[in-house]
Amino acid sequence: MMPPPDSLPSRILLGVLVLTGYVAIANAVQQLYPFSVFDMYAHQATSASRIGVRDATGALSEVSAWTAWHCDAPIRLQEPPTQPGPAPYTIPYRDREAQEWVLAHPGNGAQHVEVVRHVWWLQPLPNQNEAEDRVLLRCQAERQ
Amino acid sequence: MTRASWGGSFWDGYTRTFLRGGLAVIAASNLFGVATDLAHDQRGPWSHPFAPEWLLSLGGSPLVGVLLAVGLGALWRFARQPGQVRAGVVALLTMALLVEADAALNEGPKRHFFAPGLALLGWIVGLAFARLSAWRAGQHEAVDVQWLEAHAEMGAVAALAGNYVDAVGSKLLHVGAHWANDTTLRSIVLAHHTLGDPSLAGRYAAFVAGNAPVAQALSIATLLVQGGACLMLLGLRWRLIAGLAIFLFHSNVELLTGIGYGPARTLLLLFCLPWPRFMPQLVRWWPRARTLFEPAHPVTKPSLSGTQLAQVGALVVGVVAVVVLFAQVVPIRAYAAMHHSYHGERAGPRPQQ
């Protein structure tokens, strides 16, 4: 099927107007449904971090792989810096998911575990390891 | 590519019932998703500090069910009848209200809800543009619905493309081409992917996270594919190539980070695949479905001069300019900037959904 040729200039004009109009309005409002600049990953990072569980065997796993949590305090997301230099890159909602999981799954777990912020340094400084654990909390829990 | 295919569509010569219905189904699914989230939402220290009371009060309110019914009803009407601007606007406003309420209650907007809304917006703008053009040509009373929906389709595709142009533009504006270095994508993968994932996807994510040249190549491909979304406007083949490239990009992101963007991927398949070329064969045993892909009657087009078309285009530019200027006057950017900021430690768990 051939397209109706007479409508093509108006369609191309419309396409250009809608595309540029969407980009212009999105940049003007930043976020207002359905406009967005989609800048979630518009940053530069040389590190990464995740909140996880280090068990007695030394294995690192997701907080959500564990249940029956018994901790003396909630996980603090804003842990004090343990060393000079930039803070590691974090995904706040992933951190909060971990925090909420522990709060939502209390119990009397028997295994001693450490809730850690595991940090990867992708461009480590001299005398800095490529990865480190920052212990946030010591708890007892059970594997799911 | 023939000259006639520039700006053309696989749907030229066919009714766009399947396309319109598909858009309505994807939007309805999203509307149901956000309404379900909102029904469980509760305000707390994580909620937007400057959100209006009436917006926050929607969380867990029975009014969410009413809005869902209104939105679904509007989408039903939109899907059933071609050229429906009013029903599309009602559906879009309902989606906007629910998504903004969910965003205010939950620290920020969930971006996977955006693609159906912007495609619907583009469809509506396309319809309005075509109606305005027909009116300018003095032929608005006998305007052909196929002609209207050819523009609606282009509007939706252009809005989808704008989504990706925005994404690449943000990266280039904030960081520059250096975004595609050998660490940024690795950090995103490591910060998202499930810890200790033994699956094939987990091994692939670990491979990318541990392999700087591969990560950098994927980063460069991300910029090219997102920027290449503009090509979807050019015509049949470019739309197919660019659409599939973005679909593959999303699929790769899901393997690496678990972030799927299902509605956006479904819309890409809906608008970029040549459905009329292969669906008639696939549904030949189902006469009712086959009618969706039968050739339509010849299109009658308004005879629009270049000057008249330029006038309609200038009006659209004027509307966009007014909206952009209005956004500078009202504190909407300041409100948006407060999304995704954490407003205190939680005192207890949020209800699990």
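Just so we're on the same page: letters track the sequence lines, and every chain starts at 1.
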Between CG of A:Leu19 and CG of B:Asn163, what distance do you get to the nearest 0.5 Å?
-> 10.0 Å
Could you tell me the separation between the CD1 atom of A:Ile91 and the CD1 atom of B:Ile259, rounded to the nearest 0.5 Å?
-> 7.5 Å
Between A:Ile12 and B:Leu233, is any pair of side-chain heavy atoms under 4.5 Å apart?
-> no
Max heavy-atom pairs within cutoff under 4.5 Å with chain A, candidates B:Leu92, B:Thr194, B:Val319, goes to B:Thr194
Applying a strict 4.5 Å limit to non-hydrogen atoms, the region of A:Thr46 in contact with chain B is both
When you look at CZ of A:Arg138, are more than 12 heavy atoms from neighbouring residues, nucleotides or ligands closer to it than 6.0 Å?
-> no
Side chain, backbone, both or neither of A:Ser36 within contact of chain B (heavy atoms, under 4.5 Å) = both
Report yes or no: do A:His43 and B:Thr184 form a side-chain donor-acceptor pair below 3.5 Å?
-> no
Non-hydrogen atoms of chain B under 4.5 Å away: do they reach the side chain of A:Phe35, the backbone, both or neither?
-> both
Give, as side chain, backbone, both or neither, the part of A:Leu32 having an atom under 4.5 angstrom from any heavy atom of chain B.
-> both
Name the option with the most non-hydrogen atom pairs under 4.5 Å to chain B; the candidates are A:Val53, A:Asn27, A:Thr20.
-> A:Asn27
Gap between atom CG of B:Leu195 and atom OG of A:Ser64 - 0.5 Å precision | 9.0 Å
So which of B:Glu153, B:Gln146, B:Met232, B:Arg186 has the largest heavy-atom pair count under 4.5 angstrom toward chain A?
-> B:Arg186
B:Ser9 side chain near A:Arg11 side chain, heavy-atom distance below 4.5 Å = yes
Relative to each other, are the rings of A:Tyr93 and B:His192 parallel, tilted or perpendicular (30° and 60° limits)?
-> tilted
Exercise: identify the closest heavy-atom pair between B:Ala159 and A:Val18 | N-CG1, 3.7 Å
Which one, B:Leu185, B:Val320, B:Val168, B:Leu160, leads in non-hydrogen pairs under 4.5 Å with chain A?
-> B:Val320
Do B:Leu190 and A:Arg50 come close enough that some side-chain heavy atom pair is under 4.5 Å?
-> no
Residue from A:Val102, A:Leu122, A:Leu60 scoring the most non-hydrogen pairs under 4.5 Å with chain B is A:Leu122
Tell me, for B:Val324 versus chain A, whether the close heavy atoms (under 4.5 Å) come from the side chain, the backbone, both or neither.
-> both
Scored by heavy-atom pairs under 4.5 Å with chain B, the best of A:Gly15, A:Ala45, A:Ala48 is A:Ala45
Sort B:Leu309 into side chain, backbone, both or neither according to what part of it lies under 4.5 angstrom from a heavy atom of chain A.
-> both
Looking only at heavy atoms, what is the nearest atom pair of B:Asn181 and A:Gln44, with distance?
-> ND2-NE2, 3.2 Å
Donor-acceptor pair, side chain of B:Ser170 and main chain of A:Ala42, under 3.5 angstrom = no
Spacing of CZ belonging to B:Phe114 relative to CD belonging to A:Gln31, to within rounding of 0.5 Å | 6.0 Å
Mind checking whether B:Phe129 and A:Ser10 have side chains closer than 4.5 Å, heavy atoms only?
-> yes
Under 4.5 Å between any side-chain heavy atoms of B:Val312 and A:Leu13, yes or no?
-> no
Of all heavy-atom pairs between B:Arg111 and A:Asp39, which one has the smallest distance, and what is that distance?
-> NH2-OD1, 3.6 Å
Between B:Gln328 and A:Ala28 the two heavy atoms that sit nearest each other are NE2-CB, 3.7 Å
Grab the two heavy atoms, one from B:Ala336 and one from A:Gln30, that are nearest each other, plus how far apart they are.
-> CB-CB, 4.0 Å
For B:Trp179 and A:Tyr41, indicate whether the former's side chain and the latter's backbone hold a donor-acceptor pair under 3.5 Å.
-> yes
About how many Å separate OH of A:Tyr33 and CG of B:Leu118, when rounded to the nearest 0.5 Å?
-> 7.5 Å
Which pair of non-hydrogen atoms, one from A:Ser47 and one from B:Ser187, has the smallest distance, and what is that distance?
-> O-CB, 3.0 Å
